[in-house]
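In this text the structure is predicted, and so the values were computed from the model without any measurement.
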Amino acid sequence: MKKRVTLTFPKRAIQMPVAYRLAKDFNIAANIIRAQVAPNQIGKLVVELAGDIDELDASIDWMRSQGIQVSTANKEIFVDEDICVDCGLCTGVCPTEALNLEPDTFKLNFTRSRCIVCEQCIPTCPVGAISTNL
């Protein structure tokens, strides 16, 4: 099973080797999607956790016991097709090619399953057709 979570680290827990502990203690694979971490500051990490459902729940409980805030509310990218002008600027910044132009019609395609919610497309859109649901 997979879960995408946002971890918010207090200043005192920023040096904790969380990915290592998840793998070693819970047999959980942690795929880091996005990170904003700096010494002596609150850190944020968007992680996709993969493993047994019981181990996932146990690992989340452990992280919370360590003072790490775990949020399972996931952001998703939304493309408003009524506003989009199919210019393709967003396709140039999308690292996973979740956004691409259809070769025959030059219409924008969004493949949600490929999106890692890096949000690079949002400021790139000149007409504001791309946003998050949160």
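Between Met1 atom CE and Leu56 atom CG the span is 7.0 Å, to the nearest 0.5 Å. Note that the CD atom of Glu76 and the CZ atom of Phe110 stand 7.5 Å from one another [nearest 0.5 Å]. For the atom pair CZ (Arg112) and CG (Leu99), the distance works out to 10.0 Å, reported to the nearest 0.5 Å. Residue Met63 holds its CE atom at 8.0 Å from CZ of Phe9, rounded to the nearest 0.5 Å. If you take SG on Cys90 and CG on Leu101, they are separated by 7.0 Å, rounding to the nearest 0.5 Å. Atom CD1 of residue Ile60 and atom CD1 of residue Ile68 lie 11.5 Å apart, to the nearest 0.5 angstrom.
The shortest side-chain heavy-atom distance between Gln66 and Val18 does not fall under the 4.5 Å cut-off. Between Asp61 and Val70 the shortest side-chain heavy-atom distance does not fall below 4.5 Å.
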Please tabulate, for side-chain N and O atoms in residues 43-52, each donor-acceptor pair with protein atoms closer than 3.5 Å (sequence neighbours left out).
| unit_1 | atom_1 | unit_2 | atom_2 | d |
| --- | --- | --- | --- | --- |
| Lys44 | NZ | Thr8 | OG1 | 3.2 |
| Asp52 | OD2 | Asp54 | N | 3.1 |
| Asp52 | OD2 | Glu55 | N | 3.4 |

Report all side-chain donor-acceptor pairs from residues 119-130 shorter than 3.5 Å, counting only partners two or more places apart or in another chain.
| unit_1 | atom_1 | unit_2 | atom_2 | d |
| --- | --- | --- | --- | --- |
| Glu119 | OE2 | Lys75 | NZ | 3.0 |
| Thr124 | OG1 | Gln120 | O | 2.9 |

List the atom pairs, donor and acceptor, that lie under 3.5 Å between side-chain atoms in residues 24-32 and the rest of the protein, sequence neighbours left out.
| unit_1 | atom_1 | unit_2 | atom_2 | d |
| --- | --- | --- | --- | --- |
| Asp25 | OD2 | Arg21 | NE | 2.5 |
| Asp25 | OD2 | Arg21 | NH2 | 2.9 |

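Residues that satisfy the side chain to side chain donor-acceptor pair (under 3.5 Å) test with Arg114, not counting sequence neighbours, are absent from this structure. With sequence neighbours excluded, no residue forms a salt bridge (charged side-chain N to carboxylate O under 4.0 Å, His left out) with Asp80.
Nearest approach of Thr91 to Asn100, heavy atoms of both residues: CG2-CA, 3.5 Å.
The number of heavy atoms from other shown groups lying within 6.0 Å of CG (Leu89) is above 12.
Applying the salt bridge (Lys or Arg N to Asp or Glu O under 4.0 Å) test to pairs two or more places apart or on separate chains, none has a residue in residues 92-103.
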